Amino acid sequence: MKIQSIRGMNDLLPEHSAIWQYVEATLARMLAAYSYKEIRFPILEKTDLFKRAVGEVTDIVEKEMYSFDDRNGDRLSLRPEGTAGCVRACIQNGLLHNQTQRLWYTGPMFRHERPQKGRLRQFHQIGVEAFGLAGPDIDAELLLLTARLWRELNIDQALELQINSLGTAEERATYRQALVAYLDGYKNDLDEDSQRRLSTNPLRILDSKNPDTQLLLKNAPALNDFLGAESKQHFEQICAVLDNAGVSYVINPKLVRGLDYYSQTVFEWVTTSLGAQGTICAGGRYDSLVELLGGKPCSAVGLAIGLERLIMLLDELGAVPDSVDQQVDMYLVAVGDESYQAMQLAEQLRTALPAIRIETHCGGGSFKSQIKKADKSGAAVAIILGEDELSSNTVQVKFLRQERPQETVDQASLVEFLTTNFEK
C-alpha cells in the first residue's frame, strides 16, 4: 500500500520550483532595499505562546492548531502564524532593548482547515516585522513597500488595498460593549458562528461572510465613532502618505483581522482574481504583543504574504516572466569513453560562465541517444566531445534551437565563442 502525503500538505515539484525561487528572490531583494534583515526561528513552539499571542477564543487556537504533548509532557504546536514566534525570538535574544529592528522571515505555517484552492494545511508565508517605531510613518512605509512589490511583480492592477483603524485597546473595549448591546437585540437572527462570537470575539462578526448578518450590521455602531483624536490622527497621516505616493486604497470599516493582538492600523491586499481566497497580504499594528509575551513595552507593526496565493495570482494573470524557467542552457555530450574529460570541460565552463546551466551527460549511450536527450532537455546548444575532438583539443557545437550549421571550436576559445553566440 502506497503512503500518500497528508491532505492539505502538498509537494512542490521541480517544474514549479522556479517560480517560487523567482518570487522569494524578488521579495528578499525588495526587503533588503528597505533595510530589513532576515531572522529564522523554529516551526515548533510551546502552545502557550500562541494562546497568549493569537487569543484563546480565536478559530486558530480553538480549532486549527496542530498541537501535541512531547515525550517530556510539554504541550507544543506547529506555528499557525509567524509573528508570535518572531516576537518570542526577539525577546529571548535581547533584540528589542533600546533599539529598533526591521526583520523578515519565511517558511511553512500549519493550520488544520478544510483544504481548498488557496487554503492549505501547510502553507508558506513571508512575514515582515518592525519593532520600536510608534509613528504612522512605518505603517505607511510597509504599505509603500508592498505596493512597490506588486508593481515589480506586475500584478498591481489586480490588487486592492483595504485599510482600517481598530484604535487603542480602551477604545475597542468601549466599542465592543456598544456592538454587543446592539447585536443582542438580533441574537436569534445571527448565523451560528456569529452567535458564538457574540460572547467571545464580537468584532469578528463585522467581517462575517453571511449576507443576512451583514444586513443586520448596516445599522450597527461604527468603530470609527469610538476612536479618540490620537487614533484618528495616526490613521489620517497614513492615508496622507498613501495619497501623496499615489497609492489607491479603500477604507473598510468592517476590516478587523482574525488575531487578537492587532490594534490601530490593520490592512489587507485583496484580489477578485482567485475566487473566495482573495487575501494575498495582510497585517497591522500590534503594540501590546511584546509586553504580553514577557518583554518590555515595544511598538510593533508587521505583515504576512501568502506565497501560495501570490504565486496563484501570478499564474492567473500570466505575470511570470519568460526568463523564469529551469531549462538547461547547454548539454555536454561525451561520445565513447570520454566522459571524465567531458566532466573536466564542464567544470571549466561552470567556472568561466557561472550563470549558465550546464548538464553533462551521464550513463553512457550512443551518440544518437545522447543528442535526443540533449534536445529533450531544452538546451540551446549541445557541446560534443568525442575521440577526434579530444585529440585535436576541439569540440563540436550543435545549435538545437536555431537553423545554424554545427561548428568546430577550439577548446581554448570555447568560452569566448559561447559568450559571443549564446544569450542568457
Side-chain angles (χ1 to χ4, degrees), residues 1-6 9-26 122 124 307-308 311-312 314-316 318-424:
M1 182 177 178
K2 292 182 179 178
I3 298 176
Q4 302 289 321
S5 64
I6 299 169
M9 298 187 179
N10 295 349
D11 301 310
L12 177 61
L13 302 181
E15 63 199 78
H16 300 129
S17 62
I19 184 174
W20 280 74
Q21 293 168 1
Y22 161 69
V23 169
E24 290 167 342
T26 303
Q122 177 178 308
H124 297 78
L307 291 180
E308 279 86 358
I311 289 168
M312 283 169 53
L314 286 167
D315 280 332
E316 183 69 23
V320 181
D322 292 337
S323 59
V324 177
D325 63 51
Q326 290 186 317
Q327 292 286 358
V328 174
D329 299 314
M330 301 177 187
Y331 195 100
L332 215 159
V333 173
V335 183
D337 298 323
E338 320 306 332
S339 60
Y340 73 94
Q341 288 95 336
M343 286 188 178
Q344 187 175 3
L345 176 60
E347 290 301 300
Q348 293 169 359
L349 292 175
R350 291 185 182 107
T351 300
L353 304 169
I356 302 300
R357 188 185 294 265
I358 302 171
E359 181 173 339
T360 305
H361 181 84
C362 295
S366 67
F367 172 75
K368 185 177 180 180
S369 67
Q370 290 191 44
I371 288 295
K372 282 185 177 180
K373 289 186 177 180
D375 187 55
K376 187 177 180 180
S377 74
V381 297
I383 300 172
I384 303 165
L385 183 65
E387 290 184 7
D388 292 343
E389 287 77 24
L390 191 63
S391 62
S392 60
N393 286 322
T394 61
V395 296
Q396 298 293 322
V397 178
K398 182 178 180 63
F399 293 88
L400 301 173
R401 307 286 171 247
Q402 300 178 52
E403 292 293 332
R404 289 180 58 176
Q406 184 170 303
E407 296 195 36
T408 302
V409 181
D410 289 334
Q411 289 189 29
S413 57
L414 180 58
V415 170
E416 181 182 353
F417 177 86
L418 293 175
T419 302
T420 303
N421 290 272
F422 182 82
E423 293 184 6
K424 174 61 174 173

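Not measured: the values here are computed from a predicted model.
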Closest approach of [X] to [Y] (non-hydrogen atoms, all atoms of both residues):
| X | Y | result |
| --- | --- | --- |
| Ala355 | Asp329 | O-OD2, 4.1 Å |
| Cys362 | Met343 | SG-CE, 3.6 Å |
| Thr394 | Leu385 | O-CD1, 3.7 Å |
| Arg350 | Ile358 | NH2-O, 2.9 Å |

Taking C-beta and beyond as the side chain, do [X] and [Y] meet within less than 4.5 Å on heavy atoms?
| X | Y | answer |
| --- | --- | --- |
| Glu389 | Val335 | no |
| Asn393 | Asp410 | no |
| Arg357 | Glu359 | no |
| Leu418 | Ile356 | no |
| Val409 | Ser413 | yes |

Assess whether side chain to side chain contact (heavy atoms under 4.5 Å, CB included) is satisfied between Ile19 and Asp315, documenting all intermediate values. CA-CA 9 Å; Ile19 184 174; Asp315 280 332; 3.8 Å; yes
Would you indicate whether Leu13, at its atom CG, is surrounded by more than 12 heavy atoms from other residues, nucleotides or ligands within a distance under 6.0 Å?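 Correct, the count exceeds 12.
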More than 12 non-hydrogen atoms from neighbouring residues, nucleotides or ligands closer than 6.0 Å to CD on Gln406, yes or no?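 Yes, enclosed.
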Can you tell me how far [atom2] of [Y] sits from [atom1] of [X], rounded to the nearest 0.5 angstrom?
| X | Y | atom1 | atom2 | result |
| --- | --- | --- | --- | --- |
| Leu353 | Thr419 | CG | OG1 | 5.0 Å |
| Leu12 | His124 | CG | NE2 | 7.5 Å |
| Glu416 | Leu414 | CD | CG | 10.5 Å |
| Ser369 | Lys376 | OG | NZ | 12.0 Å |
| Tyr331 | Leu400 | OH | CG | 11.0 Å |
| Gln344 | Gln411 | CD | CD | 9.0 Å |

Hey, mind stepping through Ile6 and Gln122 against side chain to side chain contact (heavy atoms under 4.5 Å, CB included) and telling me if it holds? CA-CA 9 Å; Ile6 299 169; Gln122 177 178 308; over 6 Å; no
Test log, rule side chain to side chain contact (heavy atoms under 4.5 Å, CB included), inputs Gln348 and Val415: CA-CA 9 Å; Gln348 293 169 359; Val415 170; over 6 Å; no
Run through Val381, Ile371, Asp375, Val333 and flag the one making a side-chain contact (heavy atoms from CB on, under 4.5 Å) with Lys398.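 With Lys398 as partner, Val381, Ile371, Asp375, Val333 yield a single side-chain contact (heavy atoms from CB on, under 4.5 Å), made by Ile371.
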